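What follows is a short report on a single structure.
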Amino acid sequence: MTATMTDTWWDSAVIYQVYPRSFADGNGDGIGDLTGLMERLPYIASLGVDAIWMTPFQPSPQVDQGYDVSDYCGVDPLFGSMEEFDQLLQSAHLLGLRVLLDVVPNHCSSAHPLFRQALAAGPGSPERDMFHFAPGSHDGLPPNNWQSVFGGGAWSRASPESVDDKDWYLHLFSSAQPDWNWRNPAVGDYFESVLRFWFDKGVDGLRIDVAHALFKAPGLPDAPSVTAVVDGLRSNPLVSDQEDVHEVYRRWRRLAQEYTPHRLLVGEVNLDPARAARYTRADEMHQAFPYAFIGLGWDADAWAGVGSELEDARQTHGAPPTWALENHDLVRSATRYGGGATGSERARAALLTILGLPGAAYIYQGQELGLPEVHVPVAERVDPMWSRGGVCRDGARIPLPWTQESHRSHGFSQGQLPDSPWLPVPEGWGNYAIERQHHDPDSSLQLLRRAVELRRHLTGRGIFGKHDDVSWTVQAGGLLLCQRQENICIAMAMGTGRVRLPAGEVLISARPLQAAGWLEPGNSAWIVQN
Ligand code: GLC
Ligand code: CA
């Protein structure tokens, strides 16, 4: 740990999300792993970012690509070993990168030993009380009408073959992901030991999966309306956002503060800004992802509307906001913003815009390359959300293109040539390759590097205040303005024609300005007003 590592490094951090399966494959089996990641940490450091967040690599049957954890304190052999993780952590720290891990406290894998024990112990046992087991109704229906977020019912039979065991178990996601019963104090104690395990190793923080859903309404009553059932987590008040969950984060915050430096807690809280902000009160998590913002399309009014709500929430609860446009669950921004060349330009402008805002920014691997969503042929899809009737998230999880040449899936796999990577790489993927963009000063990759460096410089000089107020407006012609304090303005042209820029000095723009004082559609700029 270097002397510059302070407690609040995260307030204005840029954090790079690594999806290990698709980042770099060190042993050539077609699946990204810890060795591959370790070898390419210098690339991440070269982006100028402060930290990485790694999605799960713990032992798992991989039904939901690792979000079905069967051992919270291990490393799946698919990705490597604990020794390799320890080395990775050390290498990252030497490069000045902090490391955040994903913790999945809402559910585990049906292969988790405690769930196996619960199945074996039978109805009414203390083992079953670690999860939500309940008998179905007399006519063979599940205990309530809740639907899984991935589609289909949220309950499965504990022992479909048995006539004596009439229990069902609750799973908000796939049937391979049973939900923990957080009303049982043993669950909280178990997770405390999991947090300590990783914090003791020197992990710098945790991203908390489905953080708002751990507690369900007491008695698990039926959802009142079909909409509430179908919308699942977000609008079913019975399934998520229960008051009791906040006590978990108070406990975790105390725990995070036992360590030096303090560990960061960032939550996946998929609620509207006002409700989500309650999870980042002074004694709870430090950050929550901007869920209302992250999936928006190319719509200036929506950006300004949600941006203003997030600003109000910040002013109410004080925690600096976070910004993100992509993650492993969402359609890539270049595609969401219209696809093709236009979508790419917009995605690049949007990334520059969020990097100009106060608060932490999260970038998903490949976003720095402007990767679009890939259409994965139906036969090759592996996402359980897709197989249960929901959308397919595979298209945002395609292996990264490292080299322009197609050899070994564009340099993704090292060692022996794999038959094919775990998800197919499309034609033309090499055009986005890191190698290629590295040598092109006008590439998305080089823009990102310049923007992150400038952000650091402006923050260091106090020009970008860590706690700046932001006011969001939309001007004529679709010009989005984010005014930081009185003299810094982030502008993005979201309409169809060019728009006049506010007076001032342009510090950086997503593309060169074609005419001084004007911003072309799909371009953005940071401006200092004197
Ligand atoms: C989160 C993860 C997602 C996963 C789900 C269930 O939303 O980001 O990938 O499928 O939780 O763990
Ligand atoms: Ca591998």
Side-chain angles (χ1 to χ4, degrees), residues 17-40 53-58 60-70 72 75-81 84 101-110 112 148-151 154 171-180 206-214 232-234 239-240 266-271 288-289 291 294-295 324 326-330 362 364 382-388 390-397 399-400 408-409 412-423:
Q17 180 191 349
V18 175
Y19 194 72
R21 282 187 158 259
S22 301
F23 187 75
D25 168 21
N27 67 351
D29 66 353
I31 298 176
D33 47 44
L34 299 186
T35 325
L37 171 56
M38 186 148 56
E39 281 166 7
R40 288 170 182 185
W53 147 34
M54 297 171 69
T55 58
F57 53 80
Q58 288 79 2
S60 158
Q62 303 292 328
V63 172
D64 189 17
Q65 319 312 348
Y67 281 96
D68 47 322
V69 180
S70 55
Y72 286 86
V75 173
D76 194 310
L78 193 62
F79 298 115
S81 64
E84 284 169 350
L101 304 189
D102 220 305
V103 64
V104 188
N106 179 67
H107 47 267
C108 59
S109 160
S110 49
H112 192 287
S148 144
V149 177
F150 286 173
H171 51 85
L172 292 186
F173 295 88
S174 80
S175 57
Q177 294 163 293
D179 282 44
W180 292 102
L206 294 173
R207 176 265 190 188
I208 304 156
D209 190 60
V210 236
H212 53 310
L214 312 193
L233 271 184
R234 212 169 140 77
V239 177
S240 72
V266 50
E268 184 200 24
V269 183
N270 192 347
L271 297 170
F289 288 99
Y291 259 84
I294 194 168
E326 292 190 10
N327 66 27
H328 62 291
D329 294 329
L330 297 167
Y362 285 79
Y364 174 45
V382 296
D383 184 5
M385 186 157 183
W386 160 259
S387 40
R388 289 184 64 94
V391 298
C392 179
R393 300 170 298 177
D394 293 328
R397 302 173 175 181
L400 279 196
R408 292 179 177 149
S409 308
F412 167 69
S413 282
Q414 305 194 334
Q416 292 169 347
L417 188 67
D419 291 335
S420 54
W422 74 282
L423 281 175

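Both backbone and side-chain heavy atoms feed into the values below; hydrogens, waters and symmetry mates do not. Counting starts at 1 for both ligands and their atoms, in listed order. Predicted model only: the values in this text are computed from it and were never measured.
- Summarising the geometry, atom CG belonging to Asn106 is positioned 5.5 Å from atom CG belonging to Leu172; distances are rounded to the nearest 0.5 Å.
- Note on ligand 1: Gln65 sits outside its first shell, no heavy atom being nearer than 4.0 Å.
- Taking a 4.0 Å cut-off on heavy atoms, Arg207 registers as neighbouring ligand 1.
- Using a 3.5 Å distance cut-off with no hydrogens or angles, the side chains of Thr55 and Asp102 do not pair a donor with an acceptor.
- In this structure, Ser148 contributes its side chain and Phe173 its backbone to a donor-acceptor pair below 3.5 Å.
- At a cut-off of 3.5 Å, with distance as the only test, no side-chain donor of Gln65 or Arg393 sits close to an acceptor on the other residue.
- Remark: ligand 1 atoms within the under-4.0 Å shell around heavy atoms of Val210 are 11 (O).
- The shortest distance between side-chain heavy atoms of His112 and Trp180 falls below 4.5 Å.
- Within the model, atoms CZ of Phe79 and CZ of Phe23 stand 14.0 Å from one another, a figure rounded to the nearest 0.5 Å.
- Atom numbering of ligand 1 starts at 1 in the shown order; those under 4.0 Å from a heavy atom of His107 are 6 (C), 12 (O).
- Under the rule for a ring-ring contact (aromatic ring centres under 6.0 Å, His included), the partners of Tyr19 that lie at least two apart in sequence or sit in another chain are His328.
- Close approach of ligand 1 to Arg397 is summarised as follows: ligand atoms under 4.0 Å from at least one heavy atom of the residue are 9 (O).
- The protein atom (non-hydrogen) at minimum distance from atom 8 (O) of ligand 1 is Asp329 OD2, 2.5 Å.
- Heavy atoms of Phe150 found under 4.0 angstrom from ligand 1 belong exclusively to the side chain.
- Atom 5 (C) of ligand 1 has Phe173 CE2, 3.8 Å as its closest protein atom, hydrogens excluded (heavy atom only).
- A salt bridge between Asp329 and Arg397 is present, with a side-chain N of the basic residue lying under 4.0 Å from a carboxylate O of the acidic one.
- Every atom of ligand 1 with a heavy atom of His328 under 4.0 Å away is listed here by number and element: 2 (C), 3 (C), 8 (O), 9 (O).
- When only non-hydrogen protein atoms are considered, atom 2 (C) of ligand 1 lies nearest to Asp209 OD1, 3.1 Å.
- Residues meeting the salt bridge (Lys or Arg N to Asp or Glu O under 4.0 Å) test with Arg40, sequence neighbours left out: none.
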* Could you walk me through whether Phe289 and Tyr362 pass the ring-ring contact (aromatic ring centres under 6.0 Å, His included) check? -> CA-CA 9 Å; Phe289 288 99; Tyr362 285 79; 4.7 Å; yes
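- Proximity of a side-chain donor or acceptor of Asp179 to a complementary backbone N or O of His107 within less than 3.5 Å is not detected.
- Each of the atoms 3 (C), 4 (C), 9 (O), 10 (O) of ligand 1 lies under 4.0 Å from some heavy atom of Arg393.
- For atom 7 (O) of ligand 1, the closest heavy atom belonging to the protein is Glu268 OE2, 2.8 Å.
- Counting only protein N, O or S atoms closer than 3.0 Å to the Ca ion (ligand 2) gives 5.
- At a heavy-atom cutoff of 4.0 Å, ligand 1 is contacted by no atom of Met385, backbone or side chain.
- Every residue meeting the salt bridge (Lys or Arg N to Asp or Glu O under 4.0 Å) condition with Glu268, not counting sequence neighbours, appears here in chain and number order: Arg207.
- Of all protein heavy atoms, the one closest to atom 10 (O) of ligand 1 is Asp64 OD2, 2.6 Å.
- Side chain of Asn270 to main chain of Tyr291: no donor-acceptor pair is present (N/O by atom type, distance under 3.5 Å, no hydrogens or angles).
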